[in-house]
Amino acid sequence: MGPGYRGSIKAFPNFDANQDAENLYQAMKGFGSDKEAILELLTSRSNNQRQKILISYKTLFGRDLIDDLKYELTGKFERLIVGLMKPPAVYDAKELRDAIEGMGTDEKCLIEILASRTNSQIHQLVSAYNEVYESDLEADIVADTAQHFKKMCVVLLQGTREEDDVVSEHQVAEDAKELFEAGEEQWGTEESTFITILGNRSKQHLQLVFDEYSQIAGKDIEESLCGELSGDFEKLMLAVGTYNPIPPVAGEFFPEAAQFAYQTWELSASMQVQMKGTVRDAVGFQPEVDVKALRKAMKGFGTDEDTIIDIVTRRSNAQRQQLRQQFKSQLGRDLMADLKSELGGNLGRVILALMMPSEQFDAKQLRKAIEVRDTRRGWWGGGLRDRNIGTGGGHSAPEPGAGTDDKTLIRIMVSRSEIDLLNIRKEFKDMFDISLHACIEGDCSGDYSRVLLTLCGGED
């Protein structure tokens, strides 16, 4: 876990798996069930502790705790509690199964999981999928996807990417040159080259390749990927190749962004190689000077896009946040709003995404999961109002009657509650002037709502 990231669920002190198993058995014994006891116990134990409770329950009572929970609980409350009880590999397998089963495919779920898991985690989830569903995950994904997206998924499913401490320095320049020749330097794109390099090299190695690539191409890899690729394949390659995947369509933010936001990438001490990203702190950074240059680039007739690109892509994310603050204090204007009004198309989407802190990806995803338009009441469900809604901000309303995206909501709350949910909560409040707690409280109900609110960890 990276430093500075705080989950809302911590390991319970003085943990006793046998006593917890006994308490759960008593809560489900006889007529009805004590949902209060189930809720309080399971939401105050870490995932590792929940797995120990499962074993103790089986040992003490000869029964499967998850089966008993399914029998006693119903609906979304059941889905949420059962999700909390699954080991990470089994939970991933279940999410992938749901993503490819039935009509249509949830590509966002595939991208999130396959692009962010380690080799070991991939092997574990493939094994779990086979054991639980008696089916081959690769064959199922191949049957449900197409073209280059399918090919990249297959590569990732092998779990054979170079480990994170592997950096082939002699290969860096060659890989960068091959990527450039496969995309920017020719008419059309050789997708197979992108798949081979991004699908097999270690993340540390790729960061060095991307740094070299920016020197050859005169632009960052993110910009090239957006220009050369498209659709779900583009989204997958962005997720695999970069720390902070950039959403290619305005308003689309994916849970996998948080996966990259909180992961730390360290090289083995024996390598004596410092991992380098494609964008680093600008030397001699002067935010007041950059602010003047940005304002000049957007003032008057026409827009100096070259200046904007040069500044934004050559500043670290922390420096970009300083620019936003400086722009406001120095000029009394909102930099994001000005950029949005001046830029359009893929360039605008990339620039706006680069200007956004990583925590905002998850906050945006949660907003999309909760925000619904109820035509009977004429308001946005959950009490959630984006500052731009109704004021020409350009946000499109979800389909009437679509309801809460409970699947996404549950996935984020379950997987983030032990990692960085407190940071996401803060970002959510800063972005939308309302707390995540209040939105869940206004949009959900019953025991389902109570569990979500417990995982949320409190009101802000």
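At a threshold of 4.5 Å between non-hydrogen side-chain atoms, the residues L125 and I122 count as touching. Side chains of L225 and F194 form a contact here, defined as non-hydrogen atoms less than 4.5 Å apart. The closest side-chain heavy-atom distance from M85 to V82 is not below 4.5 Å. At a threshold of 4.5 Å between non-hydrogen side-chain atoms, the residues L343 and E305 count as touching. Side chains of S449 and L453 form a contact here, defined as non-hydrogen atoms less than 4.5 Å apart. Within the 4.5 Å cutoff, the side chain of M431 has no heavy atoms near those of the R367 side chain. With a 4.5 Å cut-off on side-chain heavy atoms, D443 and L409 do not count as touching. In this structure the side chain of E138 reaches within 4.5 angstrom of the side chain of Q158, judged on heavy atoms.
E178 places no side-chain N or O within donor-acceptor distance of the main-chain N or O of T193, the cut-off being under 3.5 Å. Side-chain N or O atoms of S8 include one that pairs as donor or acceptor with a backbone N or O of S417 at under 3.5 Å. For E134 (side chain) and N130 (main-chain N/O), no donor-acceptor pair under 3.5 Å exists by modelled atom type. For the pair K429 (side chain) and D460 (backbone), a donor-acceptor distance under 3.5 Å is present. A donor-acceptor pair is defined here as one N or O able to donate and one able to accept, closer than 3.5 Å; no such pair exists between the side chain of R324 and the backbone of L335. The main-chain N or O of Y57 is never found under 3.5 Å from a side-chain atom of R63 such that the two would form a donor-acceptor pair. The main-chain N or O of A99 is never found under 3.5 Å from a side-chain atom of E107 such that the two would form a donor-acceptor pair. Formation of a donor-acceptor pair under 3.5 Å by the Q319 side chain with backbone atoms of S316 is found in this model. Looking at Q49, its side chain does come within 3.5 Å of a backbone N or O of S46 through a donor-acceptor pair. In this structure, D106 contributes its side chain and C109 its backbone to a donor-acceptor pair below 3.5 Å.
The distance from atom SG of C444 to atom CD1 of I410, rounded to the nearest 0.5 Å, is 8.5 Å. The distance from the CZ atom of F149 to the CG atom of D144 is 10.0 Å, given to the nearest 0.5 Å. Taken to the nearest 0.5 Å, the OG atom of S214 stands 12.0 Å off from the CZ atom of F180. Rounded to the nearest 0.5 angstrom, K86 NZ and N47 CG are separated by 11.5 Å. Expressed to the nearest 0.5 Å, how far CG of L236 lies from CG of L229 amounts to 10.0 Å. Atom CD1 in I81 sits 6.5 Å away from atom CG in L73 (nearest 0.5 Å).
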Problem set entry | Audit row: L69, L42, side-chain contact (heavy atoms from CB on, under 4.5 Å) steps and yes/no | CA-CA 11 Å; L69 288 169; L42 295 181; 4.2 Å; yes
Q: Dump the intermediate steps for side-chain contact (heavy atoms from CB on, under 4.5 Å) on M413 and I440, then the final yes or no.
A: CA-CA 11 Å; M413 298 299 288; I440 292 173; 4.0 Å; yes
* Apply salt bridge (charged side-chain N to carboxylate O under 4.0 Å, His left out) to the pair R50 and E418, showing each step before the final yes or no. => CA-CA 13 Å; R50 294 185 204 117; E418 296 180 36; 3.6 Å; yes
What's the verdict on side-chain contact (heavy atoms from CB on, under 4.5 Å) for V154 and I141, showing C-alpha distance, side-chain angles and the deciding distance?
-> CA-CA 8 Å; V154 170; I141 288 181; 5.8 Å; no
Which is it for S33 and Y71 under the side-chain hydrogen bond (donor to acceptor under 3.5 Å, both in side chains) test, yes or no, and what are the steps along the way? CA-CA 10 Å; S33 58; Y71 181 80; over 6 Å; no
Go through it in stages, so that I can follow the logic: the residues are K70 and D67, the test is salt bridge (charged side-chain N to carboxylate O under 4.0 Å, His left out), and I'd like the CA-CA distance, side-chain angles, deciding distance and then a yes or no. CA-CA 5 Å; K70 286 182 177 179; D67 286 344; 5.1 Å; no
Full working for side-chain hydrogen bond (donor to acceptor under 3.5 Å, both in side chains) between Q124 and S120:
CA-CA 6 Å; Q124 290 173 33; S120 175; 2.9 Å; yes
query: Could you go step by step and tell me if T145 and L110 meet the side-chain contact (heavy atoms from CB on, under 4.5 Å) rule?
result: CA-CA 10 Å; T145 56; L110 292 178; 4.0 Å; yes
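The minimum heavy-atom distance linking F428 with I434 is given by the pair CD2-O, 3.5 Å. Taking all atoms of both residues into account, the shortest heavy-atom contact from L39 to F77 is CD1-CE1, 4.3 Å. Across every non-hydrogen atom of M355 and M336, the tightest pair is CB-SD, 3.3 Å. R79 approaches K407 most closely through the heavy-atom pair NH2-CG, 3.4 Å. Considering all non-hydrogen atoms of both residues, Q51 and P87 come closest at OE1-CG, 3.1 Å. E212 approaches A176 most closely through the heavy-atom pair CG-CB, 3.6 Å.
Between the side chains of S44 and E40, no donor-acceptor pair is found at a separation under 3.5 Å. Under the 3.5 Å distance criterion, with hydrogens and angles disregarded, a donor-acceptor pair is assigned to the side chains of Y448 and D406.
Under a cut-off of 6.0 angstrom, the local environment of CD in Q147 is sparse, with at most 12 non-hydrogen atoms contributed by other residues, nucleotides or ligands.
Of the residues D136, D92, D140, the one that meets the side-chain hydrogen bond (donor to acceptor under 3.5 Å, both in side chains) test with Y129 is D140. Among E441, E459, R425, the single residue meeting the side-chain hydrogen bond (donor to acceptor under 3.5 Å, both in side chains) criterion with S435 is E459.
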